[in-house]
Amino acid sequence: MNIWVLHFILLFFVPTFSCFGQFPYRLNPTTDYSLIGLGALSLTAGQIISNNKEPLTDAEISRLDPQSVNSFDRGAINNYSSSSNTLSEAVLLGTGLSSLTLLADKSIRLEWVTVGVMGMETMMLTYGFAGVTKPAVLRTRPYAYNSTVPLERKQELDARYSFYSRTTAVTAAISFFAAKVYADTHPNSKWKPVVWGGAVVLPIITSWAKVDAGEHFKTDVIAG
């Protein structure tokens with residue numbers, strides 16, 4: 001959480017670090033304070049809502065019926081793979097690390113405060129909206145319907161947080177944020193199709209892995 005505090009503090013220096021020259025972004029106190037406030041509110045609300053939720057009971061688990069799941073999503077019920085889940089987390093981590101390569105560009109590096117605040121707003125809102133939606137919707141994860149999955153896993157509160165896929169949402173947010181910043185700061189670059197292609201592929205891989213792991217239904221990752 002320290003990184004959010006750091007970026008929040010940096011927002012007070014907007015007048016000092018305002019963009020000059022041809023850099024396409026400029027911080028605006030009214031807009032940025034509002035976005036950060038909305039992000040903080042959603043993060044707090046999500047935590048409060050989640051604190052008032054309870055895991056599935058044994059009786060509720062025993063009554064779970066795969067036929068109650070729509071036909072488009074039902075296939076995910078038979079999936080359960082820890083390696084696919086690990087892959088999804090690895091792709092998320094890799095996406096985050098690869099986005100840091102933006103700082104290799106001098107023009108972006110000189111405006112690191114602006115880009116950093118924008119990135120912070122993107123992450124706060126992405127995490128916050130997912131954090132509110134999951135405990136509000138309470139959609140049971142696919143693996144909870146799977147008879148081969150240990151009961152202990154189904155009894156975790158997280159088993160009720162299927163909709164929507166936060167990992168997919170965060171991967172998409174990071175990849176598209178990085179691609180947008182690159183495209184706007186390098187409008188004539190021949191690499192833009194490659195960058196945008198990567199921004200699309202990474203969330204797709206994450207989505208596939210989450211469904212294959214039995215963590216999410218197809219509609220969860222599509223929403224993410």
Side-chain angles (χ1 to χ4, degrees), residues 46 50 53-58 60-101 122-123 125-180 193-224:
S50 184
K53 301 302 178 182
E54 298 291 337
L56 292 168
T57 65
D58 291 352
E60 288 173 328
I61 294 173
S62 67
R63 289 197 298 268
L64 291 175
D65 180 12
Q67 294 303 313
S68 66
V69 178
N70 68 81
S71 58
F72 180 72
D73 282 328
R74 196 176 302 146
I77 290 174
N78 297 319
N79 298 340
Y80 191 65
S81 171
S82 58
S83 59
S84 290
N85 195 42
T86 300
L87 172 62
S88 70
E89 300 299 331
V91 172
L92 172 58
L93 176 60
T95 303
L97 293 176
S98 64
S99 70
L100 297 178
T101 59
T122 301
M123 289 298 96
L125 292 169
T126 303
Y127 272 97
F129 289 169
V132 169
T133 304
K134 283 176 174 287
V137 174
L138 288 180
R139 186 183 195 186
T140 304
R141 292 186 184 271
Y143 66 71
Y145 294 84
N146 192 329
S147 60
T148 66
V149 176
L151 179 61
E152 294 76 16
R153 183 81 193 281
K154 301 177 183 180
Q155 292 172 328
E156 297 173 358
L157 180 58
D158 190 57
R160 306 190 72 183
Y161 291 167
S162 188
F163 187 85
Y164 51 87
S165 173
R166 178 162 48 197
T167 303
T168 302
V170 173
T171 302
I174 295 173
S175 62
F176 281 103
F177 173 81
K180 176 63 173 171
V194 176
V195 172
W196 281 114
V200 173
V201 168
L202 290 171
I204 289 177
I205 295 175
T206 303
S207 298
W208 172 85
K210 280 298 185 183
V211 173
D212 190 64
E215 291 281 329
H216 288 290
F217 296 104
K218 293 177 184 177
T219 48
D220 298 332
V221 297
I222 290 173

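Keep in mind the model is a prediction, meaning the values are calculated, not measured.
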Compare all side-chain heavy atoms of [X] with those of [Y] and state whether any distance is below 4.5 angstrom.
X      : Y      : result
Arg160 : Arg141 : no
Phe176 : Thr122 : no
Phe217 : Tyr164 : no
Met123 : Ile174 : yes

Side chains of [X] and [Y]: donor-acceptor distance under 3.5 Å anywhere?
X      : Y      : result
Ser50  : Tyr161 : yes
Thr219 : Arg139 : yes
Ser165 : Asp220 : no

Next item on the list: Please confirm whether the backbone N or O of Ala213 pairs with a side-chain atom of Asn85, one donor and one acceptor, at under 3.5 Å?
Entry: no

Checklist line | Ser84 side chain to Ser81 backbone, donor-acceptor under 3.5 Å | finding: no

Do you know which two heavy atoms are closest between [X] and [Y], and how far apart they sit?
X      : Y      : answer
Ser175 : Leu202 : CB-CD1, 4.4 Å
Pro135 : Ala130 : CD-O, 4.4 Å
Gly46  : Val132 : N-CG2, 3.7 Å

Notebook entry, point to check: When you check the gap from the basic side-chain N to the acidic O, do Arg63 and Asp58 get nearer than 4.0 Å?
Noted result: no

Margin query: Can you tell whether the side chains of Lys210 and Glu89 come within less than 4.0 Å, N to carboxylate O?
Written below: yes

To the nearest 0.5 angstrom, please state how far the [atom1] atom of [X] sits from the [atom2] atom of [Y].
X      : Y      : atom1 : atom2 : answer
Leu138 : Lys53  : CG    : NZ    : 5.0 Å
Leu87  : Ile205 : CG    : CD1   : 7.0 Å
Ser147 : Asn78  : OG    : CG    : 8.5 Å
Glu60  : Lys154 : CD    : NZ    : 13.5 Å

Next item on the list: Check whether NZ of the Lys or CZ of the Arg Arg153 lies under 6.0 Å from the centre of the six-membered ring of Tyr143 and within 45 degrees of that ring's axis.
Entry: yes

Checklist line | Ring-face cation of Lys134 near Phe163 (centre distance under 6.0 Å, axis angle within 45°) | finding: no

Check: With respect to Tyr145, which candidate in Asp65, Ile77, Ile61 satisfies the side chain to side chain contact (heavy atoms under 4.5 Å, CB included) definition?
Finding: Ile77

